[in-house]
Number of protein chains: 2
Amino acid sequence: MTVTIKDVAERAGVAPSTVSRVLSDSTSISQKTKKRVRRVMEEMNYVPNYNARRLASRQSQTIGLVLPQASDAFYQNPFFPTVLRGITEAASTKEYGLMLSTGDTPERRKKHVEAMVQGKQVAGLIFLYANDNDPILEFIKSINFPAVVMGTPENGQLNAVDNDNFSVAKELTEVLIQGGCRKLAYVGGDSHQYFVQKRLAGFKAALQEADLPFYPEDVYNDLTFLPRDGYQLMEDLLEAKDYDGLIIADHLVARGVKKALEVFHKHQVMTGTFKSFAAEPNPQDHRHPYFNLNSQQLGRRAVQILFDVLEDQANGSTRYLYEIVEAELMK
Amino acid sequence: MTVTIKDVAERAGVAPSTVSRVLSDSTSISQKTKKRVRRVMEEMNYVPNYNARRLASRQSQTIGLVLPQASDAFYQNPFFPTVLRGITEAASTKEYGLMLSTGDTPERRKKHVEAMVQGKQVAGLIFLYANDNDPILEFIKSINFPAVVMGTPENGQLNAVDNDNFSVAKELTEVLIQGGCRKLAYVGGDSHQYFVQKRLAGFKAALQEADLPFYPEDVYNDLTFLPRDGYQLMEDLLEAKDYDGLIIADHLVARGVKKALEVFHKHQVMTGTFKSFAAEPNPQDHRHPYFNLNSQQLGRRAVQILFDVLEDQANGSTRYLYEIVEAELMK
DNA sequence: CTGAAAGCGCTTACAG
DNA sequence: CTGAAAGCGCTTACAG
């Protein structure tokens, strides 16, 4: 039924080991033999059995992608598909496969990652999130398995790619200040997420440099990163407070905020937010600048870093790679 | 280094084959033995090698996801992550793994799918798109490999899940007509995509039933499914034509359209569109009804259908499954 | 209910 | 430059 390396060998008049070497394009096989064997492979429509290959070679040529616990916010945010696009793109250049983690509970997620890792299904992992005290990440660190985290985890000792969240938020805040804003608020979200904290720090720094006061009560952090949160927050706030500028850590929240500003005719309020990709140039809207975080590039770089780590590992070297991806101010 | 079935067997005082049977929870092993072997597995932190398992059992327990040629529209549309969410959810209930197709050119994409299929990496495929004359899909049909398509391909002979695009568009058009619209346009997109055609048919049918005339020039089809397309189209059209209702096949295009309607103060124009999930109840906006297509459910059902197909196949039965997922009108 | 043995389809020292 | 042979870590008839 299935054609194997043995069938090819027979037809080509060589040993199975030779066919195997042709398959991996070994330099120790003559061009002549390679050509002949390859022709036979074509003829017989041979495709190698990857399971056998992986078992024998102990190499999976596959990257495991670790998704966070499922939430509306994660799956509705363009970050995820955009990063994934960069990942598939980069993985395919080296002919690496991609495997998704699954599991609906923390336990099942961990179990599945263990099965991927210890079960020799993947050569390395990319985490599509960065929470502190994540049991899965802790486990991976403890066994020192090749992994790259998207984001900046609190304690180092691992490889990561991220934007410079501090600088990006600071710069954006400066834009609003230059635009005339004097009473600014920071609309965050889950303060356990590192990027929320970092962007807040950038926000503060900009205020300070501009000699504007910072009040903790102007930080709003109990949001689930969905548009409705931004909308509701504005509903509650707009009359009570008279902010003239808002730095919004999450793009979906910003969507809700802007909707509310429209509905309540607060056209003078400026906003600044962060997006995964450059939205099409809408009618010039100088009151709503944002940073394009270039999440696709983030995905590409994560893969590249993983490749580098894998190579380092093969060479016995151990170091941690941490890379910053440039963001672009759009105003 | 790695602990294998043999190590477990030794420590538990049984044969490797017994350990293997415990692993698959075979009924022919006594509870007593199972308990003992399992304890040893725990103790030794045993995780099976999936490559060996798949090679020996000829079962991959993995689903391959076939993505379309990369495009902004695909990766920016919430359809993709939403469907994926449903897929991961359903796959995890049966402990199936998920593998993503990659490749930047049509040739490389096809090669990779071949490697997944013939290389025994996946038990079945889910296509996250439905184009006619897709070489990959043709290939899969030709070898009769288990697969489910999301969408309704022109020629049958395969398994599929889809919304009822005709009815959904018809009903939505009726809503606009009841809302007072008399001069309607259909904003489509790539007319090679089946759902664009189907929704157009529904649009037409509603006009006809309401005794409203249909003019082919009121159909706009040269769009790439991005917000900017919708925006530009409106820019070009709004003055020339005086539509009072728009049925928009794609949600992102609709976003651009609505933006334009706002900017140009055309608040009287109604729109109707289709979304992958229920957006949060914004301020009641009766002029912009939409259908929630429930794409997450689409993903879940695709997986279930694939499981059914796999089972049918094991039983020697051959039939094609085609399922419609309910959509919900939001107005 | 359990074990011994063959086999899944490759890769890779080792020998020549 | 090529081949024979052992081995990767499982599963699964077959026999008892």
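Because only heavy atoms are used, hydrogens play no part in the values below, and waters and symmetry mates are left out as well, while side chains stay in. Proteins come first, then strands; the chains are lettered A, B, ... in the order of their sequence lines, and each starts at number 1.
Across the protein-nucleic acid pair, Q61(B) atom CD and dC10(D) atom C1' stand 14 Å apart, rounded to whole Å. For the pair E10(A) CD and dA4(D) P, the computed distance is 12 Å after rounding to whole Å. Q118(A) places its CD atom 15 Å from the C1' atom of dG9(D), with the value rounded to the nearest Å. If you take NZ of K35(B) and P of dC1(C), they are 14 Å apart, rounded to a whole angstrom. Rounded to whole Å, atom P of dC10(C) lies 9 Å from atom CE of M41(A). Atom NZ of K120(A) is separated from atom C1' of dC10(C) by 18 Å (rounded to the nearest Å). Distance, D7(B) CG to dC10(D) P: 9 Å, rounded to whole Å. To the nearest angstrom, P of dC1(C) lies 13 Å from CG of D25(B).
One finds a salt bridge joining D72(A) and R85(B) here, because a Lys/Arg side-chain nitrogen approaches an Asp/Glu carboxylate oxygen to under 4.0 Å.
Within a 6.0 Å radius of NZ in K141(B), more than 12 heavy atoms belonging to other residues, nucleotides or ligands are found. D25(A) CG: more than 12 foreign heavy atoms inside a 6.0 Å radius.
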Practice task
Before giving the answer on ring-ring contact (aromatic ring centres under 6.0 Å, His included), spell out for F307(B) and Y96(B) the whole-Å C-alpha distance, their side-chain angles and the decisive distance to 0.1 Å.
Solution key: CA-CA 10 Å; F307(B) 287 153; Y96(B) 263 66; 4.8 Å; yes

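In the set dC1(D), dG9(C), dC10(D), the nucleotide with an atom closest to the side chain of A56(B) is dC10(D). When distances run from any side-chain atom of L55(A) to the nucleotides dG9(D), dT12(D), dC10(C), the shortest one goes to dG9(D). Counting only heavy atoms from C-beta on, L23(A) has its side chain closest to dT11(C) among dG9(D), dT11(C), dT11(D). Among the nucleotides dT2(C), dC8(C), dC10(C), the one closest to any side-chain atom of I5(A) is dC10(C).
Using a 4.0 Å heavy-atom cutoff across all strands shown, S24(A) reaches no nucleic acid atom at all. Residue T4(B) is classed as a sugar-phosphate contact, given heavy-atom separations below 4.0 Å to backbone atoms only. Within 4.0 Å of V19(A), counting heavy atoms only, lies no atom of the nucleic acid at all. Residue-level contact check: S28(B) touches the bases, meaning some heavy atom is under 4.0 Å from a base atom. Within the nucleic acid shown, S20(A) comes within 4.0 Å of at least one base atom, counting heavy atoms only.
Neither side chain, S24(B) nor S26(B), offers a donor N or O lying under 3.5 Å from an acceptor on the other.
Phosphate contact (OP1/OP2 of dT2(D), side-chain N/O of S30(A), threshold under 4.0 Å): present. Of the side-chain N and O atoms in Y50(B), none sit less than 4.0 angstrom from OP1 or OP2 of dC8(D).
Classified by interplanar angle (parallel below 30°, tilted 30° to 60°, perpendicular above 60°), the ring pair F74(B)/F80(B) is tilted.
Take the nearest nucleotide of DNA chain D for S26(A) and for P16(B): the residue whose nucleotide is more 5' is S26(A). The residue among R58(B) and Q31(B) whose nearest nucleotide of DNA chain C is located toward the 5' end is Q31(B).
The base of dA5(D) is not paired with the side chain of S17(A) by any donor and acceptor separated by under 3.5 Å. In this model, no side-chain donor or acceptor of R54(A) finds a partner on the base of dG9(D) within 3.5 Å. One N or O donor and one acceptor, one from the side chain of R21(A) and one from the base of dG3(D), sit under 3.5 Å apart.
If you check dC14(C) for Watson-Crick or wobble pairing at under 3.5 angstrom, you find it paired to dG3(D).
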